[in-house]
Amino acid sequence: MPDAYENINMAMRSILTTDIGDNEDPYFQFNDLTSMSSTSVLSPFSSSGSQGNMSMTSPMSTSSSPMHITDDYINLTNAVTILGEPYISVLVQPMEKFRFRYKSEMVGTHGSLLGVYNGRKRNKNNVPTVKLHNYLDKAIIRCTLVTTDEDLRIPHAHRLVRRVDSADIGDPHYMEVSSQNDFTAEFVGMGIIHTARRHVKDEIVRKLREEALEERKRSNIDATLNLRDDAQIKADAEQYQKTINLNSVSLCFQGFIKDEHNIMRPITAPVYSNSVNNLKSALTGELKICRIDKYTSSCEGGEEVFILVEKVSKKNIKIKFFELDDDDTEIWMDYGRFSELDVHHQYAMVFRTPAYRDRNITSPKEVFIQLERPSDSYCSEPIKFTYKPTDRMIGRKRTRISHSNSAELVQALAFNNDILMNTSLTSTPLSNDSTEISKEIKKMLDDRCSSSEFRDFVEHINLDSKFLLYETLLNQGGEDKLTYDGAPSKKASINFNICYLQNTLSKFLSLYQCCMLDDKLFAKDVIIDTIKDMKMKPREAKDIIKISFKDRTTYGDTPLHCALRYGQKNNVKRILMLMSTLNTDAEELVNIRNSSGKTPLHYAASQDQPEIIQALLMLGADPNITDHYGQMPLHRAVKFLEAEGSINILLAEKDVNIEANTDYGWSPLQLAAQAGSYHAVYSLIKAGADVNNTDMTYGRTALHIAVEGGHKDIVEFLLKNTKIDVNKKNFSGNTALHTAIVTPGTKAKEICALLVKYGADPHIRNYNRELNNVDGEQIQDIKVEVHSEDENMEECNGQSSFDLASNKPDILQLVSGQNDMLINNTIKEENINDTQKVWMDIDQEKQLASILDETKGWKKLAHYFDYKYLMNIFKQTSSSSLLLLNYIAIQTNTSLSELTNILQNIGEEDAATYMSQILSMKHET
DNA sequence: AATCTTTTCCC
DNA sequence: CGGGAAAAGAT
């Protein structure tokens, strides 16, 4: 069916010989025209509605068009011709995601539908806005809610309400436009009411009826709907309710004018906004990866990764891996592997990584992962992910477990088991070795088996031993069962389980110990054998060395690994000496990785053995090899508090990668900051480490981390001697100051003071929207002028450092810049000079505060500034007024003269008078 | 009966 | 307000 505006256009073109085409700048021309002739243009609609031959089905047909040809027409034609046909454009689109609320939720006020921030003009009201173009008289713009489906735009079952004077008005909404408002309609305060599924049909029927009736009335004012129409509408509604998408709506805008019978007549085609999706629904809600447990995988894929996500539905979610080339073109993609069962309660997922496109990479490859929702192909923000080269080269076949003899192992198990089961571990008379073992076991139990060595062991334990172990365990379990008799009570069975678990654990531990015993002798054995062999065949000495030091234990350890692991310094020395005879051939031996990916250098670094590190490096050890946790020797070395040697030796090595992240996403600097190793931090920074690098899991800089650990010396060093960004936000939007305020500890206050001293901005807000204070009262949003231009609008409602400090009066004073004790005098003076221009100096402030303390006027003042929730804090301090004044000075833009007025208004005459004095003094200077 | 979705409720 | 979660309803 032809639209009215099309017909208008056709009529125009038939009249005119030349077609001026679309206007490049209709706005400009429009202004031109209005200024010269808007008053002389007559309304062309004076006689519409009296037409007898209107189409019954289309209100928009040619004949019902308001632009029919009359004598007035020529006048308008000229204008319209120059302008083009009237149309509506969407100046500000509605936001893409919005929470639809049920009727039952519409008590009180909730947020209204805002516009999307559109880059150019920063509207004061950022709300959906449309503009009517090419029309000179006043007109009406109607806004209704329709379906998103472009092929089927029907009225939507949901309601579009608009709050006008505390009453919600349903759609349609009419807004008058004219030259007065630049033909622009802003739809302020709209909300979307989610029609309950069971009412969808009724609602659609209602809206279709309304629409049909309006259409009828355009041709006949007294028209009503007959039964047949009604039946049709009901049938249609029935159909629509099945397919309608309740989580997505569009706004429909159309221009109208009202004729003398109050009938709306369209003057433009309808225009549809972008879709608005229900924020609450898992079908259309936001997709986000909130947290990931690791961001690396072997290029072979198949590694398990845990992620926490915002609400997803398990049937409608994928995890996409993709790689971009330098031009940001996607060059590879695949999906993470998981089943529906791996999606935990819509908020967490466990998946396996797909293999990288090339399984033979030799350097790490950066790719991205993101969530993808197949139903609307919406994607989350991508996060970085790294594929690492495989370590297939590590041989595990050569296990050198001497007691593969069952009897021997069982005996060993029994032996160790006895030790463990004995209640008093230490009191049992034991040989030296046994004492050591029991200590080990005790330690292991204390660590709850968290040691990576133990995990490696369990993982790589050879099959024979495993079988044997299980067998033993089964037998053991059976015996336990037999000894347990009587009716099973819950308690008893729990006890049994615990007992059983303990047994299992101890078995594994015993086995671990046995292997360790064996491994302890490994280095020595090999050295002895090697030397023996060398004596026998002195000519083949080099080959003998090469071969024998490639031998491996269960863990893939070479003799050198073993000697290092067990602290056998002499063995280490012997091996290194033997290796050094090989010259460059030693490089291969010295870089062998064991089954957890560690080289001898890892162990030397972990144990802080500078001489050995030096020796290994001289033999060609590569300091950049990472173990299976992505750790380089450097990552381990930075943890030592006092030792300077190891780090400096490692850092002196050229090509050492000082920014490398572990699999948990930590750089050496961040680890050093966490460990509290001042020296390591110092050395790394001296070696050029980037202080503003952030860790991958929380987005923290070394500063955040040092603050968290309460390492004041490091914090101070970072602030004083580096260009660290004191106000950098981590993933949750917290700055180091936020962290400092919430971190307990004796040095917390001093650290806060340091941060403030070096420019930490307490106004910065994090992304946490919980605005409840300690008393559970709602904190009103403090009206803080955000100065930074690049901040998003949403970021305004997180917590500032003030909010976090609101129940810690001393820290609050500190961040408010009030405490003189802790802040260095020079800095303080600078601050004062800065604020002095707009604020009073400290003495004047104190004077004013004493006046307000006297009269208790500060309470009124606090009330005026809506600081009710801070009352308790103000009360606790020696001068409530002074703190309040500081608060006002820092958090608001109140000028001195404004303050004077405020004081006047709340009846604080004395204070106001004093203020006037200050003001006049300021004017003089 | 268990689990997911929709609706209501509450802080 | 905006966010979260319980209750009710569906599958």
Side-chain angles (χ1 to χ4, degrees), chain A residues 94-115 125-127 156-159 161-164 166-168 188-204 241-249 276-288 290-291 308-317 338-349 373-376 732-733 765-784 786 792-800 803 806 866 868-869:
Chain A
M95 63 216 278
E96 192 183 10
K97 305 229 174 273
F98 181 69
R99 173 163 169 183
F100 301 0
R101 305 209 84 119
Y102 288 89
K103 209 162 100 203
S104 60
E105 290 186 288
M106 289 307 286
V107 284
T109 61
H110 288 288
S112 63
L113 183 62
L114 299 178
N125 305 355
N126 195 25
V127 296
H156 202 283
H158 294 339
R159 295 192 201 199
V161 295
R162 208 154 67 85
R163 179 142 284 213
V164 180
S166 76
D168 288 328
V188 186
M190 294 201 297
I192 294 165
I193 297 189
H194 191 304
T195 299
R197 182 143 253 147
R198 59 179 184 277
H199 296 136
V200 165
K201 193 181 155 193
D202 292 346
E203 197 68 13
I204 297 179
Q241 78 160 340
K242 286 180 199 153
T243 51
I244 194 165
N245 180 352
L246 290 177
N247 289 308
S248 184
V249 300
V276 180
N277 299 297
N278 188 2
L279 193 60
K280 250 308 176 73
S281 155
L283 289 167
T284 52
E286 211 154 7
L287 287 179
K288 194 178 168 198
C290 310
R291 188 101 48 106
L308 302 188
V309 297
E310 287 296 341
K311 203 175 214 174
V312 295
S313 75
K314 60 184 174 189
K315 293 194 170 63
N316 189 19
I317 195 71
F338 62 95
S339 76
E340 283 185 24
L341 295 174
D342 296 322
V343 180
H344 178 81
H345 291 214
Q346 317 195 55
Y347 292 105
M349 311 176 66
R373 184 166 50 215
S375 66
D376 58 356
S732 326
R765 290 168 177 272
N766 64 16
Y767 307 140
N768 190 348
R769 279 149 195 207
E770 276 175 43
L771 282 172
N772 291 333
N773 71 359
V774 271
D775 306 325
E777 286 174 21
Q778 291 283 302
I779 291 182
Q780 277 99 38
D781 198 16
I782 304 164
K783 307 286 181 295
V784 181
V786 177
N792 283 331
M793 306 292 259
E794 307 97 74
E795 288 182 353
C796 298
N797 41 31
Q799 298 161 306
S800 68
D803 296 328
S806 61
D866 260 356
K868 285 181 289 250
Y869 64 100

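Computed over heavy atoms, backbone and side chain alike; hydrogens, waters and symmetry mates excluded. In what follows, chains carry the letters A, B, and so on, assigned in the order in which the sequence lines appear, proteins first and then strands, with residues in each chain numbered from 1.
- Proximity note for A:His110 (side chain, C-beta onward) versus C:dG3, B:dT7, C:dG2: the nearest is C:dG2.
- Residue A:Thr195 holds its OG1 atom at 6.0 Å from NE2 of A:His158, rounded to the nearest 0.5 Å.
- To the nearest 0.5 Å, atom OH of residue A:Tyr347 and atom NZ of residue A:Lys311 are 4.5 Å apart.
- For A:Arg99 and C:dG2, a side-chain-to-base donor-acceptor distance below 3.5 Å is absent, hydrogens and geometry of angles not being considered.
- The line from CG of A:Leu287 to CD1 of A:Ile317 is 4.5 Å long, rounded to the nearest 0.5 Å.
- Between the CG atom in A:Asn245 and the CG atom in A:Asn277 there is a gap of 7.5 Å [rounded to 0.5 Å].
- Regarding A:Ile193, its CD1 atom lies at a distance of 14 Å from the P atom of B:dT7, rounded to whole Å.
- Rounded to whole Å, atom P of B:dT6 lies 10 Å from atom CG of A:Asn278.
- Put simply, OH on A:Tyr102 is 17 Å from P on B:dC10, counting in whole angstrom units.
- Residues A:Glu105 and A:Arg198 each lie close to DNA chain C; by heavy-atom proximity, the contact nearer the 5' end of the strand is made by A:Glu105.
- When the C1' atom of C:dA5 is taken as reference, atom OH of A:Tyr347 falls 9 Å away, rounded to whole Å.
- Between the P atom of B:dC4 and the CG atom of A:Asn247 lies a distance of 18 Å, rounded to the nearest Å.
- Note: CG (A:Leu246) to C1' (C:dA10) measures 15 Å, nearest angstrom.
- If you measure from atom CE of A:Met106 to atom P of C:dG2, you get 12 Å, rounded to the nearest angstrom.
- Taken to the nearest 0.5 Å, the CZ atom of A:Arg99 stands 3.5 Å off from the NZ atom of A:Lys280.
- If you check every strand for non-hydrogen atoms under 4.0 Å, A:Lys103 touches nothing.
- As judged by a 4.0 angstrom heavy-atom cut-off over every strand, A:Arg101 is placed among the base-contacting residues.
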Working for side-chain contact (heavy atoms from CB on, under 4.5 Å), residues A:Leu114 and A:Phe98: CA-CA 9 Å; A:Leu114 299 178; A:Phe98 181 69; over 6 Å; no
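- Remark: A:Lys97 NZ to A:Ser281 OG distance equals 9.0 Å, nearest 0.5 Å.
- One interatomic measurement links the two molecules: CZ of A:Phe100 to P of C:dG2, which rounds to 15 Å at whole-angstrom precision.
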Convert the base pairs of DNA chain C into dot-bracket notation, remembering that pairs crossing earlier ones are written with [ ] and that bases paired across to another strand are shown as |; include only Watson-Crick or G-U pairs under 3.5 Å. .||||||||||
